[in-house]
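Report on the structure given below.
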Amino acid sequence: MNWNKSKVKPNKGFKLSKINTHSGIKNINKKELKAKLAKNIEAISKLQNKLFAENRQSLLIILQGMDSSGKDGVIKHIMSGVNPQGVWVYSFKHPSAVELEHDYLWRHAQKLPEHGQITIFNRSHYENVLISKVHPEIVLAERLPNINSINQVDKAFWNKRYEQINSFEKRNSEIGTSFLKIFLHLSKYEQRNRFLERIKHKEKHWKFSSNDIIERKFWDAYQDAYEQTLKNTSTKIAPWYIIPADDKLYAHLLISKIILEKLKAMNPCFPPTDKKEKELMEKSKIALKKENK
């Protein structure tokens, strides 16, 4: 499994429709994949423990994808073994009245990880160049200066917004936050199957919304919005990874490997103990051993 092939190179031209949504592996050995996933999760847990103890850097994982692409499943299966003290998950819905009084990045900046933390954005600031691009009337609700009609939300507007997002991520990476951006690339046919599965089973009804079917009608527009976003915002410091999402288990394994390699590159370490503290620890050990049982 060459996880690095999933990375979108900066300024790389490509057609999203030409990229496979399926793993391409015939006769997948699920038992073997599950064993590899468990091994990766264990390694992630150990590195996350060091990251939390070190308390000097942080990791932001961004999950984007069409409805039913498996974002919740990624969080559930891959982050199951980590220390919950050091992981936060945020899902961004329609902005509140207070949030609309600020720039579009403000509410996301409030949720960036603290030192030692891993934060996951289940949908993110990228919605402002995805759903907002498909439905540009959303931009008008931001009450931006010199933007008074949909006609003014043009190519130049979106190019500027891509630049703003890149600058936002660059600034935060320079002060200790690493970025991992995951796009779960799902086929329209597989989305159909997952929607039908949710409708069929009562215990999955809560996952389904009639609005999902409305948005499905804009499939091509969303694919174009994603393609432009991936092309314009995959940078050396904050790259995008395109994950074939039709195979859930394979997607989980690939993402776990990408997270693991990122944490290895961050190289978190347990904080050193100075000479004086070591002496005090030794004295404490002697005193504790002398205590009566």
request  = Taking atom types as modelled, find out whether E99 and H94 have a side-chain donor-acceptor pair closer than 3.5 angstrom.
outcome  = no
message = Does E197, at its CD atom, have more than 12 non-hydrogen atoms belonging to other residues, nucleotides or ligands within less than 6.0 Å?
response = yes
inquiry  = If we count only N and O atoms by modelled type, under 3.5 Å, do the side chains of Y222 and E215 hold a donor and an acceptor together?
reply    = yes
query = Between Q57 and M266, is there a donor-acceptor pair closer than 3.5 Å when you use the side chain of the first and the backbone of the second?
reply = yes
message = Side chains of D246 and T21 only: does a donor on one sit below 3.5 Å from an acceptor on the other?
response = yes
request  = Dump the intermediate steps for side-chain contact (heavy atoms from CB on, under 4.5 Å) on S178 and L60, then the final yes or no.
outcome  = CA-CA 6 Å; S178 292; L60 177 63; over 6 Å; no
key: Lys/Arg-Asp/Glu bridge criterion (N-O < 4.0 Å) met for K257, E261   = yes
Geometric cation-pi criterion K111 and F121, 6.0 Å radius, 45° cone = no
request  = Output yes when E174 and R171 qualify as a salt bridge under the 4.0 Å nitrogen-oxygen rule, no when they do not.
outcome  = no
message = Give me the atom names and distance for the closest heavy-atom approach of S234 to V8.
response = OG-O, 2.6 Å
query = Are E54 and K50 close enough, and set up right, to give a salt bridge (charged side-chain N to carboxylate O under 4.0 Å, His left out), and what steps lead you there?
reply = CA-CA 6 Å; E54 181 189 58; K50 287 184 178 181; over 6 Å; no
Worked verdict on R216 versus Q191 for side-chain hydrogen bond (donor to acceptor under 3.5 Å, both in side chains) = CA-CA 9 Å; R216 182 175 162 82; Q191 187 193 61; 2.8 Å; yes
task = Examine distances only and state if a side-chain atom of Q48 and a backbone atom of I44 form a donor-acceptor pair shorter than 3.5 Å.
result = no
ask   = Looking just at side-chain N and O atoms, do Y126 and K181 make a donor-acceptor pair shorter than 3.5 Å?
value = yes
request  = Begin with the C-alpha distance, continue with both residues' side-chain angles, and end with the deciding distance and a verdict on salt bridge (charged side-chain N to carboxylate O under 4.0 Å, His left out) for R198 and D67.
outcome  = CA-CA 12 Å; R198 292 177 178 183; D67 293 323; over 6 Å; no
key: Side-chain donor-acceptor contact under 3.5 Å, S256 with N40   = yes
request  = Look at the side chain of Q64 and the backbone N and O of S124, then say whether any donor-acceptor pair between them is shorter than 3.5 Å.
outcome  = yes
request  = State, without any angle test, whether H22 and E190 hold a side-chain donor-acceptor pair at a distance under 3.5 Å.
outcome  = no
H135-F218 aromatic ring centre distance below 6.0 Å = yes
request  = Before accepting this row, confirm whether a basic side-chain N of the pair E227/K231 lies closer than 4.0 Å to the acidic partner's carboxylate O.
outcome  = yes
message = Against the six-membered ring of Y104, is R161 placed for a cation-pi contact (under 6.0 Å from the centre, within 45° of the normal)?
response = yes
key: Pairwise side-chain contact, M79 with I120, heavy-atom cut-off 4.5 Å (strictly under)   = yes
key: Steps toward side-chain hydrogen bond (donor to acceptor under 3.5 Å, both in side chains) verdict (D247, S23)   = CA-CA 7 Å; D247 299 324; S23 66; 2.7 Å; yes
query = Going by atom types only, do Q85 and Q117 share a side-chain donor-acceptor pair under 3.5 Å?
reply = no
request  = Could you check F208 against I213 for side-chain contact (heavy atoms from CB on, under 4.5 Å), going step by step and ending with a plain yes or no?
outcome  = CA-CA 9 Å; F208 184 78; I213 302 302; 3.6 Å; yes
request  = Determine yes or no for a side-chain-to-main-chain donor-acceptor pair under 3.5 angstrom, with N49 supplying the side chain and S45 the backbone.
outcome  = no
